[in-house]
Asks: 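Okay, handing you the structure first.
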Protein chains: 2
Amino acid sequence: MAIAPQTADLTAVCRSDERGAAHVRDILDRIGDKWSMFVVSLLERGPQRYGTLARDIPGISQRMLTVTLQRLERDGLVTRTSYPEIPPRVEYALSPLGESLQEPISALATWAYAHQAEFAESRERYDAKQN
Amino acid sequence: MAIAPQTADLTAVCRSDERGAAHVRDILDRIGDKWSMFVVSLLERGPQRYGTLARDIPGISQRMLTVTLQRLERDGLVTRTSYPEIPPRVEYALSPLGESLQEPISALATWAYAHQAEFAESRERYDAKQN
DNA sequence: CGGTATCCGATGTGATACTG
DNA sequence: CAGTATCACATCGGATACCG
């Protein structure tokens with residue numbers, strides 16, 4: 001445990017070459033994929049049904065909603081509860097682990113929102129210079 | 001240091017359907033890709049040369065180091081300075097924008113590190129149930 | 001030293017059709 | 001309603017060879 005008590009060192013933690021264990025890489029994969037954080041952000045309002053999520057996430061396909069929810073469930077961020085009724089009802093909710101993600105994620109979102117303009121300007125400058 | 005006073009709403013910011021502007025999606029893409037955060041974490045120690053980075057990032061290919069650095073430069077997170085000497089010398093450094101990423105990113109890394117075990121256990125449980 | 005150029009396989013995502 | 005199955009395609013990343 002060479003890691004400091006409060007902040008983890010990315011250089012030490014990013015590596016994915018130890019066998020078995022989950023790593024920052026896995027978290028970053030979940031965070032970086034196309035739909036996961038959108039789903040999580042919706043679930044922060046409370047449990048939601050599959051159809052509700054599908055309606056509230058513009059542009060997502062049925063397949064990707066299913067896949068995203070399965071990955072989130074596998075990683076323990078989301079729980080799935082199905083009620084054996086007809087018609088079937090399934091509710092997805094954030095687990096405690098998923099809820100605990102809110103703080104770092106919204107810090108990131110806040111940062112991203114605050115620096116949107118710098119980001120965009122830098123890209124414009126860069127792209128302009130390329131030709 | 002605590003989180004910024006007003007937090008950005010991911011549901012409002014995740015969308016990538018407005019024209020032109022940079023969005024949280026772009027940031028998440030940079031954060032989620034395979035090597036960017038590793039590079040950023042190394043640059044937090046100070047400016048580094050291409051060769052040094054290549055040596056310190058196990059498993060990265062020349063191509064991906066180049067591509068990653070270009071993307072980071074394009075997004076304004078990293079600056080590139082080339083000294084017209086022979087042999088050539090090029091130094092990469094974090095920009096102020098890149099440095100400002102450290103806080104949210106290390107919060108995320110800390111979270112990921114702290115919850116590694118829950119993550120891994122959840123995956124094991126999930127995978128075990130699938131057959 | 002610090003890159004490009006090219007090829008190619010793996011993975012992520014989307015469209016469409018079908019089901020308990 | 002809440003999915004699954006299949007195919008098709010784009011992008012990502014790795015290997016290799018070459019260049020100023």
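Just so you know, these numbers come straight off a predicted model, no measurement behind them. Labels below follow one simple rule: chain letters A, B, ... track the order of the sequence lines, proteins then strands, and each chain is numbered from 1.
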Asks: Out of curiosity, K129(A) NZ to Y126(A) OH, how far, rounded to the nearest 0.5 Å?
Replies: 10.5 Å

Asks: How many angstroms lie between CD1 in I60(A) and CG in L53(A), if you round to the nearest 0.5 Å?
Replies: 8.5 Å

Asks: Decide side chain to side chain contact (heavy atoms under 4.5 Å, CB included) for S36(A) and I31(A); before the verdict, give the C-alpha distance in whole Å, the side-chain angles of both, and the deciding distance to 0.1 Å.
Replies: CA-CA 6 Å; S36(A) 289; I31(A) 286 167; over 6 Å; no

Asks: Return the CZ to CZ distance between R74(B) and F119(A), rounded to the nearest 0.5 Å.
Replies: 9.0 Å

Asks: With a non-hydrogen cut-off below 4.0 angstrom, is Y92(B) in contact with a base, only sugar-phosphate, or nothing?
Replies: sugar-phosphate

Asks: If you round to the nearest 0.5 Å, how far is CG of L65(A) from CD of Q70(A)?
Replies: 9.5 Å

Asks: Measure the distance from CD on E85(B) to C1' on dG20(D) and round it to the nearest whole Å.
Replies: 16 Å

Asks: Please state how far atom OH in Y50(B) lies from atom C1' in dG20(D), giving the value in whole angstrom units.
Replies: 15 Å

Asks: Show me the pairs that pass salt bridge (charged side-chain N to carboxylate O under 4.0 Å, His left out) and involve residues 110-120 of chain B, at least two apart or across chains.
Replies: none

Asks: So Q70(A), base contact, sugar-phosphate only, or nothing? Heavy-atom distance under 4.0 Å.
Replies: sugar-phosphate

Asks: Only pairs under 3.5 Å count here: list side-chain donor-acceptor contacts from residues 92-99 of chain A, not counting sequence neighbours, and write none if there are none.
Replies:
from, atom 1, to, atom 2, distance (Å)
S95(A), OG, G76(A), O, 2.6
S95(A), OG, L77(A), O, 3.1
S95(A), OG, L97(A), N, 3.3
S95(A), OG, G98(A), N, 3.0

Asks: Given atom CG of D29(B) and atom C1' of dA10(D), what is their separation to the nearest angstrom?
Replies: 14 Å

Asks: Counting only side-chain N and O atoms of R49(A), is one of them less than 4.0 Å from OP1 or OP2 of dG3(D)?
Replies: no

Asks: Check nucleotides 13-16 of chain D for protein N or O atoms closer than 3.5 Å to its own N or O atoms and list the pairs.
Replies:
from, atom 1, to, atom 2, distance (Å)
dG13(D), OP1, K34(B), N, 3.1
dG13(D), OP2, R71(B), NH2, 2.9
dG13(D), N7, R63(B), NH2, 2.9
dG14(D), OP1, K34(B), NZ, 2.5
dG14(D), OP2, W35(B), NE1, 3.1
dG14(D), N7, R63(B), NE, 3.4
dG14(D), O6, R63(B), NE, 2.8

Asks: Quick check for you: name the first and last nucleotides of DNA chain C, 5' to 3', having an atom under 4.0 Å from a heavy atom of chain B.
Replies: dC1(C) to dT6(C)

Asks: Any sub-3.5 Å donor-acceptor pair from W111(B)'s side-chain atoms to S100(A)'s backbone N or O?
Replies: yes

Asks: Using a strict threshold of under 4.0 Å (side-chain N to carboxylate O), is an ion pair present between R123(B) and E121(B)?
Replies: no

Asks: List the atom of A109(B), the atom of V24(A), and the distance in Å for their closest heavy-atom pair.
Replies: O-CG2, 4.4 Å

Asks: Just how far, in rounded Å, is C1' of dC1(D) from CD of Q48(A)?
Replies: 16 Å

Asks: Can you list the residues that meet the salt bridge (charged side-chain N to carboxylate O under 4.0 Å, His left out) rule with D33(A), with sequence neighbours excluded?
Replies: R30(A), R71(A)

Asks: So what is the end-to-end bend of the helix from dC1(C)-dG20(D) to dG20(C)-dC1(D), with 5 pairs used at each end and the value given to 10 degrees?
Replies: 50°

